[in-house]
Amino acid sequence: MKQQLESLVLHAVDTLKTEGVLESELQPKITIERAREQQHGDFASNIALLLAKPAKMNPRQLAEKIVAHLPAAAAVIKVEIAGPGFINFFIDPGAQYQVITQIHALGQQFGLSQVGAGKKVQVEFVSANPTGPLHVGHGRGAAYGSAVADLLAAVGFEVQREYYVNDAGRQMDILATSVWLRYLEECGELLTFPSNGYRGDYIHEIAADLRREVDNEYRHPIALVFEDIPADAPQGGDKEKHIDALIARAKTLLGDKQYRAIFQAGLKGILADIRQDLSEFGIEYQTWFSERSLMEDGSIDEALKRLDAAGYLYEKSGATWFASSRLGDEKDRVVVRDNGQSTYFASDIAYHMNKLDRGFDQIINIWGADHHGYIPRVRAAMQALGADTDKLTVQLVQFAVLYRGGEQVQMSTRSGSFVTLRQLRNEVGQDAARFFYVMRKAEQHMDFDLKLATTKTNENPVFYVQYAHARVCSVFKQLEDKNLQRDIPLGEQNLAKLTEAQEIKLVMTLSRYPEVLQRAALQYEPHLLINYLRELAADFHSYYNAHQFIVEDDAVRNARLNLISAVKQVLANGLGLLRINTPEAM
RNA sequence: GCGCUUGUAGCUCAGCUGGAUAGAGCAUCGGCCUUCUAAGCCGAGGGUCGCAGGUUCGACUCCUGCCAAGCGUACCA
């Protein structure tokens with residue numbers, strides 16, 4: 001409908017151009033908006049206001065000229081000029097009702113579109129270091145990222161969901177060493193666990209599994225392990241030096257092969273846990289991309305070579321630097337340390353080069369807000385590699401602060417209080433977790449109230465929307481109990497009998513769904529869909545309370561049943577897209 | 001210090017990318033169940049859109065400057 005009106009207005013503007021009223025170079029963006037007030041009709045255009053200045057005309061006069069040149073259209077029953085020069089369109093209700101028939105015909109397909117057809121996008125999200133279970137902060141990125149990916153797929157994009165596995169670097173060495181030390185404990189050795197090691201229960205589990213698998217093969221006397229190791233922080237030493245020395249000791253005592261085996265055991269164990277956690281949360285990735293693979297297949301060297309060829313690398317005090325400050329970053333960055341090791345940033349340059357080489361039209365990175373300072377240097381790297389930086393979108397997700405009632409929940413690993421995504425899902429349930437995470441726009445700091453998410457009252461928006469769905473189902477059950485048959489064609493013939501205020505409002509809201517979906521997808525704002533579903537549910541609840549659906553009059557009854565089954569369908573489509581359940585009874 | 005994000009009703013947040021009288025939920029107050037689920041509905045009160053300028057027919061929205069909060073500012077990942 002919107003597009004139809006746009007072409008009408010465009011046609012009128014073109015006519016005015018040929019008549020010389022408007023200059024022919026003008027290429028106005030025709031925008032049709034849904035009117036907010038009923039008295040302003042159904043749709044409105046501000047075109048006359050926009051063109052008034054270049055045309056050197058009074059906006060109302062211009063509006064009159066535009067209206068005079070509008071081609072006739074069956075669905076438009078009235079056009080008015082209002083306010084400073086808005087053109088308001090009134091649509092034939094009969095045309096609006098068609099959406100109900102359309103929803104029935106399309107079913108689950110209703111709302112889907114093809115605006116993204118033929119375009120490949122990649123959404124990379126979560127990508128938490130595989131050093132422990134996902135916590136509640138990752139949950140938001142997970143829910144948001146998967147919603148964005150699903151929305152993009154719904155409007156026709158070919159979407160690839162990817163998890164970047166940071167399986168290289170010092171953190172992973174600390175993990176491997178932590179596993180080994182716990183393994184030694186399993187073997188019966190007594191030791192003081194490093195203060196900087198990973199202390200979670202999951203390390204014990206991985207170590208125990210390892211012991212079962214290899215028995216005492218990786219065992220070394222504890223005296224030898226700790227011989228000449230600098231003191232840990234609690235003993236007045238330096239925790240970093242302590243752990244680094246232990247890592248080095250592990251490598252020398254175990255040798256390359258055994259060390260790698262332990263490293264892999266730790267990585268695999270944790271990754272399997274993360275994978276399962278996400279899968280239970282309704283998230284499946286197409287690819288798990290290994291950082292280590294970039295080192296092994298020479299991608300990092302290749303990336304650095306390309307940066308060097310482009311003249312962006314230089315040496316200073318033993319290290320290799322990328323001149324990112326020439327491309328908008330606040331300062332230059334090290335890519336190869338003076339000890340010869342490449343930095344994490346070097347991996348990331350190679351990773352983004354790899355993404356570009358895979359031919360995506362759009363690369364979407366979903367990062368925690370604490371990584372924002374990282375964006376300029378990645379952009380700089382892409383630019384230096386000669387890529388179109390517009391292809392990269394970074395969506396920042398702010399942290400969620402947990403509350404239980406009015407109390408803030410402390411999220412420290414040490415205190416052992418509420419930290420993991422799994423615990424959150426168990427406490428509030430899958431549906432509430434997803435709904436609450438996505439309810440706010442990503443860049444908004446969020447308060448997540450656990451108590452609210454679990455209450456079964458009107459305070460809880462998840463139930464509010466699900467309840468609307470269940471209520472429709474309940475009506476149809478009642479219909480059955482009363483031995484009444486639904487007559488869909490009869491209902492379709494009588495849609496014009498839906499003249500109550502609540503019915504007209506509901507039809508309008510239903511017809512907006514495809515636009516909402518498209519906007520939510522293209523702007524990476526799934527919260528728009530949530531807001532819409534709440535509004536649709538509200539419109540339905542109002543209707544439910546104001547009127548009976550199962551009435552004597554066959555024509556009215558079937559028309560109403562068609563309307564509410566359309567409501568049910570759209571609620572199911574929207575919630576389904578967000579992977580939230582649609583219960584038939586509550 | 002510099003950078004990014006945020007600042008809208010008592011609280012939590014929307015606000016369609018510059019439009020017409022700034023909206024919702026919670027909380028508060030008052031109503032609605034012998035009729036399809038009251039996890040619901042109807043109504044009332046509640047606002048200097050952080051502050052001050054500017055741009056224009058028009059600004060919560062864009063620009064500048066302040067103020068406040070969070071985060072970042074590594075040869076860590």
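Chain naming here is simple, since letters A, B, ... match the order of the sequence lines and numbering starts at 1 in each. Computed from a predicted model, the values in this text were never measured in an experiment.
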From the set [options], return the single nucleotide nearest to any side-chain atom of [X].
X: A:Asn166; options: B:A77, B:A20, B:A14; answer: B:A77
X: A:Tyr344; options: B:U37, B:A77, B:A14; answer: B:A77
X: A:Ala585; options: B:U37, B:A77, B:G15; answer: B:U37
X: A:Thr343; options: B:A14, B:C16, B:A77; answer: B:A77
X: A:Gln398; options: B:G19, B:U5, B:A77; answer: B:U5
X: A:Glu443; options: B:U5, B:U37, B:C75; answer: B:U5
X: A:Glu291; options: B:U37, B:U73, B:A77; answer: B:A77
X: A:Leu50; options: B:G19, B:U12, B:U6; answer: B:G19
X: A:His527; options: B:A14, B:U5, B:A77; answer: B:A14
X: A:Ala470; options: B:A39, B:U37, B:C57; answer: B:U37

Within the pair [X] and [N], is there a side-chain N or O less than 4.0 Å away from OP1 or OP2?
X: A:Tyr464; N: B:C26; answer: no
X: A:Gln444; N: B:A14; answer: yes
X: A:Lys441; N: B:G15; answer: yes
X: A:His541; N: B:U37; answer: no
X: A:Lys331; N: B:G3; answer: no
X: A:Ser542; N: B:C42; answer: yes
X: A:Arg471; N: B:A38; answer: yes

When you compare [N] with [M], how far apart are their [atom1] atoms, in angstrom units rounded to a whole number?
N: B:U5; M: B:U48; atom1: C1'; value: 25 Å
N: B:C67; M: B:G10; atom1: P; value: 25 Å
N: B:G30; M: B:C11; atom1: P; value: 23 Å
N: B:G46; M: B:C41; atom1: P; value: 23 Å
N: B:G72; M: B:C57; atom1: C1'; value: 42 Å
N: B:G7; M: B:C63; atom1: P; value: 14 Å
N: B:U28; M: B:U34; atom1: C1'; value: 32 Å
N: B:G19; M: B:U61; atom1: C1'; value: 11 Å

**OP:** Please work out if A:Ile375 contacts a base, only the sugar-phosphate, or nothing of the nucleic acid, heavy-atom cut-off 4.0 Å.
**Re:**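 Here A:Ile375 touches no strand at all.
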
Original post:
With a 4.0 Å cut-off on heavy atoms, is A:Asn129 in touch with a base, just the backbone sugar-phosphate, or nothing at all?
Top reply: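 Sugar-phosphate, no base atom in range.
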
Original post:
In terms of base orientation, is B:C32 syn or anti, with the syn window spanning 90° either side of 0?
Top reply: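 It is anti.
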
Subject >> Chi-angle category of B:U17 [syn within 90° of 0, anti beyond] >> reply: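 Syn for B:U17; the angle stays within 90° of 0.
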
Side-chain donor-acceptor pair under 3.5 Å between [X] and [Y], yes or no?
X: A:Asn562; Y: A:Arg486; answer: yes
X: A:Gln502; Y: A:Ser542; answer: no
X: A:Tyr314; Y: A:Asp332; answer: yes

Subject >> Strand contacts (RNA chain B) in residues 476-486 of chain A, 4.0 angstrom heavy-atom criterion >> reply: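 Here the set is A:Gln478.
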
Does [X] have any ring pair (Phe, Tyr, Trp, His ring centres under 6.0 Å) partners at least two apart in sequence or in another chain, and if so, which?
X: A:Tyr467; answer: A:His541
X: A:Tyr437; answer: A:Phe448
X: A:Phe43; answer: none
X: A:Phe263; answer: none

Original post:
A:Pro84 versus A:Leu49: any side-chain heavy-atom pair under 4.5 Å?
Top reply: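 A side-chain contact exists here, since the closest heavy-atom pair is under 4.5 Å.
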
d([atom1], [X]; [atom2], [N]) in whole Å:
X: A:Ile32; N: B:U17; atom1: CD1; atom2: P; value: 12 Å
X: A:Tyr544; N: B:A38; atom1: OH; atom2: P; value: 5 Å
X: A:Gln548; N: B:U37; atom1: CD; atom2: P; value: 10 Å
X: A:Phe89; N: B:A20; atom1: CZ; atom2: P; value: 18 Å
X: A:Ile349; N: B:A77; atom1: CD1; atom2: P; value: 13 Å
X: A:Asn531; N: B:A14; atom1: CG; atom2: C1'; value: 6 Å
X: A:Leu529; N: B:A14; atom1: CG; atom2: P; value: 15 Å

Original post:
Hey, is A:Phe86 stacking on B:A20? Ring centres under 5.5 Å, planes under 30°.
Top reply: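 So A:Phe86 counts as stacking on the base.
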
Subject >> Centroid under 5.5 Å and tilt under 30°, A:His372 to B:G72 >> reply: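 No; centroid distance or tilt outside limits.
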
Subject >> Atom pair OG1/NZ of A:Thr177 and A:Lys251 - distance to nearest 0.5 Å >> reply: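 Going from the OG1 atom of A:Thr177 to the NZ atom of A:Lys251 covers 7.5 Å.
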
Original post:
Quick one: on RNA chain B, does A:His547 or A:Glu33 contact a more 5' nucleotide (nearest heavy atom)?
Top reply: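 First, find each residue's nearest nucleotide; the 5'-ward one identifies A:Glu33.
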
Subject >> Of A:Phe43 and A:His371, the one whose closest RNA chain B nucleotide lies more 5' >> reply: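 Per heavy-atom nearest nucleotide, the more 5' residue is A:Phe43.
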
**OP:** Hey, can you tell me if A:Phe540 and A:Tyr543 have their rings parallel, tilted or perpendicular (30° and 60° cut-offs)?
**Re:**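 Correct class here is perpendicular.
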
Examine the base of [N] for any acceptor or donor lying under 3.5 Å from a partner atom in the side chain of [X], and report the outcome as yes or no.
X: A:Asp370; N: B:G72; result: no
X: A:Ser317; N: B:C75; result: yes
X: A:Asn88; N: B:A20; result: yes

Subject >> Electrostatic pair A:Arg377-A:Asp348, nearest N-O below 4.0 angstrom >> reply: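 Salt bridge: no.
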
**OP:** May I ask you to say whether A:Glu503 pairs ionically with A:Lys497, meaning some side-chain N is under 4.0 Å from a carboxylate O?
**Re:**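 Result for this pair is no, no salt bridge flagged.
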
**OP:** Please report the closest heavy-atom contact between A:Gln518 and A:Ser113, naming both atoms and the distance.
**Re:**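 So the minimum-distance heavy-atom pair works out to OE1-OG, 4.1 Å.
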
Original post:
Is there a donor-acceptor pair under 3.5 Å between the side chain of A:Tyr144 and the backbone N or O of A:Tyr524?
Top reply: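 Checked: pair present.
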
Original post:
What dot-bracket string describes RNA chain B from 5' to 3', counting Watson-Crick and G-U wobble pairs whose defining distances are under 3.5 Å, with [ ] for crossing pairs and | for pairs to another strand?
Top reply: (((((((..((((.....[...)))).(((((.......))))).....(((((..]....))))))))))))....

